Amino acid sequence: MKGLIFSVKRYAIHDGPGIRVTFFMKGCPLKCWWCHNPEGISPDVSFVDRIDRIGEKEFRRTEQVGREYTPHELLAIADRESVFFRNSGGGITFSGGEPMMQFDFLKESMKLLHGSGYHTAVDTSGVAAPERFREIFPYTSLFLYDIKHMDDIKHTEYTGVSNKMILANYRLLMQSGIDMQVRVPVIPGHNEDAGNLLAIRDFIGENAGRNLKEIDLLPFHRIGTSKYRRFALEYRMGDTKQPSQERMQEIADYFSAIGVRVKIGG
């Protein structure tokens, strides 16, 4: 069995506790306007031309985005990094894209890694059949779960999908007792108005259990903008600015009223 991964990030510190290796998997059912990994949206291998300049010279090369791995190859990568995991309480995170789109590969990989003693995390949009989440419960140490907008119409406009399945699966995962971190992207002009922030805070508060360990507020950034040009994709965020530190702290203080640890950034 093989899965398609477009990036392997070693020494990751924003994708769960401790130092981790994050596997970014190809394919996503959402098309978020602000996505900073647009190369992960397509479920297929893709190719992009890169131009490197040294002085006045220009070098062109074709870069493949997406490579097949087996679960045992992922285990080998984890084994090479295990000293960092042991010393920091880290482990393996599956991100994307949406890991649940390659479900069979995800399940087999997590079963192997979890069975080898590694802490396993799944960074998910929540868009997958609930039965599939139930199948990976035994092999999951942590879910990183995105909540982007509580208004279904706006959620559909900005991501291409309804939020109904996402909210239902959030309740399911909270009821599972598995550790969770909620991730809320803060996107000026799209979801950081007072009404939506109140709705998100109330939803999280009303459905919180002892397994909710943290709320991560992820400020919008423009780091991935150049990728849209490279992949000839439409960039829909225009000149949207990153929220100020003061604004992020204001939102963090607001969410702290739930009684759960709040962190700015992943």
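Since this is a predicted model, take the numbers as computed values, not measurements. Along the sequence shown, the residues carry numbers beginning at 1.
Proximity of a side-chain donor or acceptor of Gln102 to a complementary backbone N or O of Leu4 within less than 3.5 Å is detected. Put simply, the side chain of Asn169 gets close to the backbone of Gly126: a donor and an acceptor are under 3.5 Å apart. Panel note: side chain Thr120, backbone Tyr139; a donor-acceptor pair is recorded below 3.5 Å. When atom types are taken as modelled, the side chain of Thr22 and the backbone of Ala12 share no donor-acceptor pair closer than 3.5 angstrom. For Lys148 (side chain) and Pro185 (main-chain N/O), no donor-acceptor pair under 3.5 Å exists by modelled atom type. Here the side chain of Glu98 pairs a donor or acceptor atom with the backbone of Met100 at under 3.5 angstrom. Between the Lys26 side chain and the Glu39 main chain, a donor and an acceptor come within less than 3.5 Å of each other. The closest donor-acceptor contact from the side chain of His155 to the backbone of Val161 lies under 3.5 Å. Panel note: side chain Arg20, backbone Ile92; a donor-acceptor pair is recorded below 3.5 Å. Side-chain N or O atoms of Arg10 include none that pairs as donor or acceptor with a backbone N or O of Glu81 at under 3.5 Å.
The hydrophobic clustering, which links ILVMFWY residues whose side-chain heavy atoms are closer than 4.5 Å, places Leu173 and Val127 together. Connection of Leu106 to Leu172 is established within a shared hydrophobic cluster, with ILVMFWY side chains joined at heavy-atom distances below 4.5 Å, either directly or through further cluster members. Following chains of ILVMFWY side-chain contacts shorter than 4.5 Å, one cannot reach Leu144 starting from Ile204, and the two form parts of different hydrophobic clusters. Each of Phe24 and Leu30 belongs to its own hydrophobic cluster when Ile, Leu, Val, Met, Phe, Trp and Tyr are linked at side-chain heavy-atom distances under 4.5 angstrom. Note: the hydrophobic cluster containing Val65 does not contain Ile41 (ILVMFWY, side chain heavy atoms under 4.5 Å, direct or indirect links).
To the nearest 0.5 angstrom, Leu142 atom CG is 7.0 Å from Thr93 atom OG1. Atoms OG and CG, on Ser116 and Leu112 in that order, are 4.5 Å from each other to the nearest 0.5 Å. Note: Asn191 CG to His149 NE2 = 5.5 Å, rounded to the nearest 0.5 Å. Rounded to the nearest 0.5 Å, atoms NZ (Lys164) and CD1 (Ile166) are 12.5 Å apart. Put simply, NZ on Lys263 and CE on Met248 are 12.0 Å apart, with the number rounded to the nearest 0.5 Å. For the atom pair CG (Leu197) and CG (Asp202), the distance works out to 11.0 Å, reported to the nearest 0.5 Å.
The aromatic rings of Phe84 and Tyr11 lie perpendicular to each other, with more than 60° between the two planes, well past the 30° mark. Between Trp33 and His190, the ring-plane angle classifies as perpendicular under the 30° and 60° cut-offs. A perpendicular orientation is assigned to the rings of Phe85 and Tyr118, their planes being inclined by more than 60° (bins at 30° and 60°). Under the 30°/60° scheme for interplanar angles, the aromatic rings of Phe23 and Tyr69 are found to be tilted.
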Determine, step by step, whether Phe103 and Ile136 satisfy the side-chain contact (heavy atoms from CB on, under 4.5 Å) criterion, reporting the C-alpha distance in whole Å, the side-chain angles of both residues, the deciding distance to 0.1 Å, and the verdict.
CA-CA 9 Å; Phe103 179 73; Ile136 63 170; 3.6 Å; yes

Residue pair Lys227, Asn37: steps toward the side-chain contact (heavy atoms from CB on, under 4.5 Å) verdict
CA-CA 8 Å; Lys227 295 180 181 180; Asn37 286 328; 3.2 Å; yes

Going through the checks in order, is the side-chain contact (heavy atoms from CB on, under 4.5 Å) test met by Gln242 and Arg222?
CA-CA 8 Å; Gln242 182 170 327; Arg222 303 179 65 84; over 6 Å; no

Apply the test side-chain contact (heavy atoms from CB on, under 4.5 Å) to residues His36 and His221: give CA-CA distance (whole Å), side-chain angles for both, the deciding distance (0.1 Å), then the verdict.
CA-CA 8 Å; His36 60 274; His221 60 72; 3.8 Å; yes

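Between Arg183 and Asp123, some side-chain heavy-atom pair lies under the 4.5 Å cut-off. Taking 4.5 Å as the limit, every side-chain heavy atom of Phe143 sits out of range of all side-chain heavy atoms of Tyr170. Taking 4.5 Å as the limit, every side-chain heavy atom of Asp151 sits out of range of all side-chain heavy atoms of Tyr158. Inter-residue side-chain proximity for Phe133 and Thr124 is flagged as met; some heavy-atom pair is nearer than 4.5 Å. Counting heavy atoms from C-beta outward, Met237 and Thr225 have side chains that stay 4.5 Å or more apart. Looking only at side-chain heavy atoms (C-beta outward), Tyr235 and Leu233 stay at 4.5 Å or farther from each other. Looking only at side-chain heavy atoms (C-beta outward), Phe94 and Leu74 come within less than 4.5 Å of each other. Side chains of Pro188 and Lys241 form no contact here, defined as non-hydrogen atoms less than 4.5 Å apart.
Of all heavy-atom pairs between Gly40 and Phe6, the closest is CA-CE2, 3.4 Å. Considering every non-hydrogen atom in both Gln181 and Pro17, the closest pair reads OE1-CD, 4.2 Å. A pairwise comparison of heavy atoms in Phe105 and Thr70 identifies CE1-C, 3.9 Å as the closest pair. Minimum interatomic distance between Asp216 and Gly265 (heavy atoms only, all atoms of both residues): CB-O, 3.5 Å. When all heavy atoms of Ser95 and Pro99 are compared, the pair lying nearest together is O-CG, 3.4 Å.
Between Asp152 and Ser162, the side chains place a donor N or O and an acceptor N or O closer than 3.5 Å (distance only, hydrogens not considered). Side-chain N/O atoms of Asn163 and Lys154 include no donor and acceptor closer than 3.5 Å. A donor-acceptor contact closer than 3.5 angstrom is absent between the side chains of Glu192 and Asn196.
Within 6.0 Å of CD on Gln64 lie more than 12 heavy atoms contributed by other residues, nucleotides or ligands. More than 12 heavy atoms of other residues, nucleotides or ligands sit less than 6.0 Å from atom NZ of Lys213.
Between Lys111 and Glu108 no salt bridge is recorded (no basic side-chain N to carboxylate O distance below 4.0 Å).
Looking at residues two or more places apart in sequence or on another chain, you find no side chain to side chain donor-acceptor pair (under 3.5 Å) involving Arg132.
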